[in-house]
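Excluded from the calculations below are hydrogen atoms, water molecules and symmetry mates; all remaining heavy atoms, backbone and side chain alike, are included. Residues take their numbers from the sequence shown, with the count starting at 1.
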Amino acid sequence: MAAPTLTIGMPVYNGATYVTEALESILAQTFRDFELIISDNASTDDTETICRAFAARDPRVTYRRNAENVGLSANNNLLVPLARGRLFKWAPHDDVLRPHYLERCVAALDADPSVVLAYPQTDFVDGDGNPLDLTDPGWHLIMDDPSERLLVAIVADRYMNAILGVIRTDALRRTRLLPRYAGGDDRLIAELSLLGKFVEVPERLYVRRIHKGSTGGNRGNTKWLRAHWSGSRRGMSAPYWRLSRDRAGIVMRAPIPLSRKAVLLTMHARTMRYGWRRLLRELVEPFRA
């Protein structure tokens, strides 16, 4: 069987409430040359039954199941080696793609080989599908200088919807993928920014759901986020300290001039200073347990 152009990886855990709508939105895409791999993170609700039914009716869909809950990051990461497409996209089980999402993103990547990631603009809704008054500045990083793209990735505090766009598989495999700490998608964004440009498709083709069972709906809930990212494994503490360390390491290893590294490290230090309350809270957190 010929390899598809695009691999869509859907990590899911106890997603019975929303996964049907998410899967239907993928299968209704105008761009159809894709495979969809569902990785069930040992769900205990009706997720398995629903997903197996989709796999039985559409040959593009494959269902796999973890023996235990390995956590959000590991479940996302294991999908990347399984991809046969030259392009890859993660698809959360609770979000919706409007019909032209894939078509527009694939076209943006095909139009410019210097682009490694393409994603559309976002509408936000709550658990019941009601619109939320949220905006996303996005990650339209089309600068030729990789250090300029990395600077934005280090200092910007934005939603990570872009990481759920369409990515060149070979570029994604050159990164370390997602770490096991909450907010690890910031590290992945930084690594990808050094590999190429990000393009925002100027159409609202993505619907992101913010609800009590989503990462967006649990911002600041350290205990929930740690368990969600790590699953049955021990969660990583001090995520912001870990991210800060990783960002500094990315700058030091980046193939950019030393003068630019100095600028980026200075800006990184300022970012940490602005986040001093969060850093302090993570230092005292173990003593409160």
Hey, does R84 have a side-chain heavy atom less than 4.5 Å from the side chain of T169? no
Rounded distance [0.5 Å steps], CG in L195 versus CG in L117: 11.0 Å
Show your working on side-chain contact (heavy atoms from CB on, under 4.5 Å) between E148 and V152 and close with a plain yes or no. CA-CA 7 Å; E148 293 183 17; V152 177; over 6 Å; no
Does a donor on one side chain sit under 3.5 Å from an acceptor on the other, for E103 and Q29? no
Give the ring-plane orientation class for Y206 versus Y101, where under 30° counts as parallel, over 60° as perpendicular and anything between as tilted. perpendicular
Verify the neighbour count for atom CZ of R176: are there more than 12 heavy atoms of other residues, nucleotides or ligands below 6.0 Å? yes
The reported gap from CG in N75 to CE in M10 (rounded to nearest 0.5 angstrom) is 11.5 Å
Might you point out which heavy atoms bring R65 and D40 nearest each other, and give the distance in Å? NH1-OD2, 3.1 Å
If I take atom CZ from residue F54 and atom OG1 from residue T20, how far apart are they, to the nearest 0.5 angstrom? 5.0 Å
Quick one: pull up OH in Y240 and CZ in R245 and give me the separation to the nearest 0.5 Å. 14.0 Å
Sub-4.5 Å side-chain heavy-atom contact between M272 and W241: yes
Check whether any side-chain heavy atom of P11 sits under 4.5 Å from a side-chain heavy atom of L79, and report yes or no. yes
Calculate, to the nearest 0.5 Å, the distance between atoms CD1 and CZ belonging to I38 and R52 respectively. 10.0 Å
